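In this text, all values refer to a predicted model and were calculated from it rather than measured experimentally.
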Amino acid sequence: MQEQGPSESELLQNRREKLHTLQQRGIDAYGGRFDTTHQPGALRKEFAPDLEVKIGGRMTARRVMGKAVFFDLSDFTGRIQCYVNKKEIGDEAFELLTDLLDIGDWVGVTGKTFVTRTGEDSVHTTTITVLSKSLRPMPDKFHGVQDREIKYRQRYLDLISNERSRDIFVTRSLMVAEIRRYLQDRGFLEVETPMMQDVPGGAAATPFETFFKALNQPMYLRIAPELFLKRLLVGGFTKIFELNRNFRNEGLSRRHNPEFTMLEAYWAFSDFEQMADLVESMTCHLAEKFCGGLLIEHKDDEGTVTRTINLARPWKRARYGDLIQGVAGADWFTLDTAAKKARCKELHVEVSEHMEDHEVSQQVFEKLVEEKSFDPVFVTHVRKELVPLAKQNKDDASVVDVYELVINGQEISPGYSELNDPIVQRERLEHQAGDETQKMDEDFLLALEYGMPPAGGIGIGIDRLIMMLTGAESIRDVVLFPQLKKK
RNA sequence: GGGUUUGUAGCUCAGUGGUAGAGCAGGAGACUCUUAAUAUCUUGGUCGAGGGUUCGACCCCCUCCGAACCCA
């Protein structure tokens, strides 16, 4: 990461020499507290002329024109232009700006707001304070960092130079805050449960293993908080949520990061249908508040709309079996496994020989339904073997009372009528299907025996939700520091 | 794990089997309303790493290290 060709050290040397000159003149190049009145972008939003202001930011552009200089100060809120006139500010400060500061340095200014002749809201600068000298050259001022590897490994350079990236992460933060507020306003209590667990339960996934020396025992990073949140239902915490990281020791892809953010919420005396309503209304609330409405446009780099997601309510609800029959034929479920696999070949769905019957159906679902569903659809009546922690349907014992919400071609949220019968729960965990095996957590089953109220529960994959709402193509574009292989 | 693409100046990108190019950034000096400021001059490279083929390799071949996309 630190290859220094001769030319780079020349660039570095330049900046170090300027730093040296600053220090010789008794100027602190790494200043301290600087009480600002505004943030750069915020000042621009609430701009009024003739305000005395004090702002700090990174100098991201400088246009020197003889005895006048324009420069931009930026931070995550945006940028504001500053104007300096040599006669007004004095030779020393002018020279500081033109000869000793570089693009990339953190700078504080005081001055009075005004509008330039060309109509740009600006700060007529009267003093300049060095806040931090940057010793490295900035990325291309126009294109920003394009190299994916640099964007992810040195995210700060991406954030400095790409407004689009900055916007996504600001929006993500605001959305997460809004989700918390939305749930709190409806009586949900935010809780924190263990991320280090001795039985990694609540989902079917490979955990990360670690070791706790003091207790001389292995521990696992959680793959889901579910079983602890249910213990809290037993404890009388009847409306709760947790919004934090889960860890799954599986592959990296455009839609998978080993640590990802999950919202789980539980609502006693509710059911999966009411939880579906909650997710639907909350998602629409976010879209209306941050995306300008319920039509979400995804664009490519040229700004051409590549996909439009329509979140208009009510969202479609459809049975798992019906959706599969819709793409694979009405007779699909009358076929034996071999015939199903033959049908898959016709449909250009790849299946492997060792797949069990329900896995073949699931494959058809993923390839022909899930990946092609962009507008929201709640998939209901899912086979019970796939979902051991949900209540069985009263009319059809082979399915469970759950939804799987698909938007943007991805599963974004499951919701259950939570299974609260301790005896049935034990049986269901003992008779799980195929790979979807969850660990038996005796302590959880013990808690259930004390009585868990009937409840609706949801999970929402926050990263995928943010992708859907911001139009990000990859999970790496909504996770600040995605996992990459060590270089 | 497999396939495809990819790695060239600090950044954004060209490039040809015959000793490496542009724009921006950087340096010099000019310029008092610019905004991808402008115009002039200019520094800067182990072409991801290591092997091989060749009189000669950034280019062709092999191995390795990253990254992106697709598949498992």
Distance, rounded to the nearest Å, where A:Glu366 contributes CD and B:C71 contributes C1': 14 Å

Flag if over 12 foreign heavy atoms under 6.0 Å of CZ, A:Arg307: yes

Polar pair under 3.5 Å, donor/acceptor by atom type, side chain A:Asp102, base B:G26: no

Ring-ring centroid check A:Tyr416 A:Phe272, cutoff 6.0 Å: no

hbond_proxy A:Gln81 side chain to B:U34 base (donor-acceptor, 3.5 Å cutoff): yes

Sugar-phosphate, base or nothing in reach of A:Arg15, heavy atoms under 4.0 Å: nothing

Whole angstrom value for the distance that separates C1' of B:C13 from CG of A:Asp140: 9 Å

Sugar-phosphate, base or nothing in reach of A:Val69, heavy atoms under 4.0 Å: nothing

Sugar-phosphate, base or nothing in reach of A:Asp72, heavy atoms under 4.0 Å: nothing

Spacing of A:Glu149 atom CD relative to B:C69 atom P, expressed in whole Å: 12 Å

Sugar-phosphate, base or nothing in reach of A:Lys151, heavy atoms under 4.0 Å: nothing

Lys/Arg N to Asp/Glu carboxylate O, A:Arg79 vs A:Glu120, below 4.0 Å: yes

Watson-Crick and G-U pairing of RNA chain B, under 3.5 Å, as dot-bracket with | and [ ]: (((((((..((((....[..)))).(((.(.......).))).....(((((..]....)))))))))))).

Any donor-acceptor N or O pair under 3.5 Å, side chains A:Asp357, A:Thr337: yes

B:C64 to B:A25 separation - C1' atoms, rounded to the nearest Å: 33 Å

Parallel, tilted or perpendicular: ring planes of A:Tyr83 versus A:Phe70, cut at 30 and 60 degrees: tilted

Candidates B:C33, B:C11, B:G27 - which lies nearest the side chain of A:Pro139: B:C11

A:Lys485 NZ - B:G48 C1' separation (whole Å): 15 Å

Integer angstrom distance from the P of B:U53 to that of B:U12: 36 Å

A:Tyr320 and A:Phe365 aromatic ring geometry - parallel, tilted or perpendicular at 30°/60° bounds: tilted

Salt bridge present between A:Asp463 and A:Arg255 (N-O < 4.0 angstrom): no

Any A:Arg476 side-chain N or O less than 4.0 Å from OP1/OP2 of B:C69: yes

Sugar-phosphate only, base, or nothing, as touched by A:Asn85 at under 4.0 Å among non-hydrogen atoms: base

Distance, C1' atom - from B:C61 to B:A57, rounded to whole angstrom: 11 Å

Short side-chain N/O contact to B:C64 OP1/OP2 from A:Lys487, under 4.0 Å: no

Side-chain ion pair, A:Glu356 and A:Lys340, N-O less than 4.0 Å: no

Span that lies between the P atom of B:U8 and that of B:G45, in whole angstrom: 16 Å

Touch class at under 4.0 angstrom, heavy-atom based, for A:Tyr83 against every strand present: base

Presence of A:Arg254 side-chain N/O under 4.0 Å of B:C70 phosphate oxygens OP1/OP2: yes

Touch class at under 4.0 angstrom, heavy-atom based, for A:Lys87 against every strand present: base

A:Lys487/A:Glu149 under salt bridge (charged side-chain N to carboxylate O under 4.0 Å, His left out): CA gap, chis, key distance, verdict: CA-CA 10 Å; A:Lys487 207 171 176 179; A:Glu149 204 172 340; 3.4 Å; yes

Integer angstrom distance from the P of B:A9 to that of B:A72: 36 Å

Nearest-Å distance once atom P is located in both B:C33 and B:U38: 15 Å

Sugar-phosphate only, base, or nothing, as touched by A:Ile150 at under 4.0 Å among non-hydrogen atoms: sugar-phosphate

Residue A:Ser474, side-chain atoms from C-beta onward, closest of B:C33, B:A68, B:C69: B:C69

